[in-house]
Amino acid sequence: MGRFEYLIVLVACVVVTLPLELAGARVYRRPRLLARAVLPVAAVFLVWDAVAIAAGVWDFDPAFVTGLRAPLGIPLEEVLFFVVVPVCGLLTYEGVQLTGRLVGRVLRRRQRVPR
């Protein structure tokens, strides 16, 4: 895996949570709301990363990143991390909410059915 390991993990996160969207989580179907939730936080952490990299506080092992860098020296994988992980988190949250609503409907129907 080597240089693509970080990207593979990010792709795996998307693949694992994608069925939640297909089941009705509706995260990708609301792009403006998704952008409003993810982009401001991603921007803050990207600036934080850029400052830490410039100050020599941390860096990324070249053996595990592709070598492509965004402005300010941030690896492409790190930029994607700040988008992919929150999106997967939102998908998981919405999936749990959806499951709760479905379970609630089933329970209400069971209570109405005479035995």
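Predicted, not measured: the structure shown is a model, and the values here were computed from it.
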With a 4.5 Å limit on heavy-atom distance, are the side chains of [X] and [Y] in contact?
X	Y	value
Y28	V87	yes
V14	V84	yes
V38	L34	yes
D49	W58	yes

For R30, check salt bridge (Lys or Arg N to Asp or Glu O under 4.0 Å) against everything at least two apart and list the hits.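 Per chain and number, R30 pairs via salt bridge (Lys or Arg N to Asp or Glu O under 4.0 Å) with E94.
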
Taking all non-hydrogen atoms of both residues into account, name the closest pair between [X] and [Y] and its distance.
X	Y	value
C88	C13	SG-O, 3.4 Å
F60	P75	CD1-CG, 3.3 Å
L7	L80	CD2-CD1, 3.6 Å
P19	V16	CD-O, 3.4 Å
A25	L98	N-CD2, 4.1 Å
T92	L20	CA-CD1, 3.7 Å

Taking only residues two or more places apart in sequence, or in another chain, which ones meet E21 in a side chain to side chain donor-acceptor pair (under 3.5 Å)?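 Result, side chain to side chain donor-acceptor pair (under 3.5 Å) vs E21: R29.
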
Residues which pass side chain to side chain donor-acceptor pair (under 3.5 Å) with R32, listed by chain and number, not counting sequence neighbours: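 Side chain to side chain donor-acceptor pair (under 3.5 Å) list for R32, sorted by chain: empty.
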
To the nearest 0.5 Å, tell me how far [X] [atom1] sits from [Y] [atom2].
X	Y	atom1	atom2	answer
L90	R26	CG	CZ	14.0 Å
L39	F82	CG	CZ	13.0 Å
L91	T17	CG	OG1	4.5 Å

Given the rule in the side-chain contact (heavy atoms from CB on, under 4.5 Å) test, do I53 and L72 qualify, once you have shown the distances and angles that lead to the verdict? CA-CA 8 Å; I53 291 168; L72 304 174; over 6 Å; no

Residue pairs, two or more places apart or on separate chains, that pass salt bridge (charged side-chain N to carboxylate O under 4.0 Å, His left out) and touch residues 64-90: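 Non-adjacent pairs meeting salt bridge (charged side-chain N to carboxylate O under 4.0 Å, His left out): D59-R69.
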
Going hydrophobic residue to hydrophobic residue with side-chain gaps under 4.5 angstrom, can you get from [X] over to [Y]?
X	Y	answer
V27	L33	no
L102	L107	no
L18	V85	yes
V83	L68	yes
Y93	V103	no

Set of ring pair (Phe, Tyr, Trp, His ring centres under 6.0 Å) partners for F64, sequence neighbours left out: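 None.
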
Who pairs with F81 by ring pair (Phe, Tyr, Trp, His ring centres under 6.0 Å), at least two apart in sequence or on another chain?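 For F81 there are no ring pair (Phe, Tyr, Trp, His ring centres under 6.0 Å) partners, ignoring immediate neighbours.
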
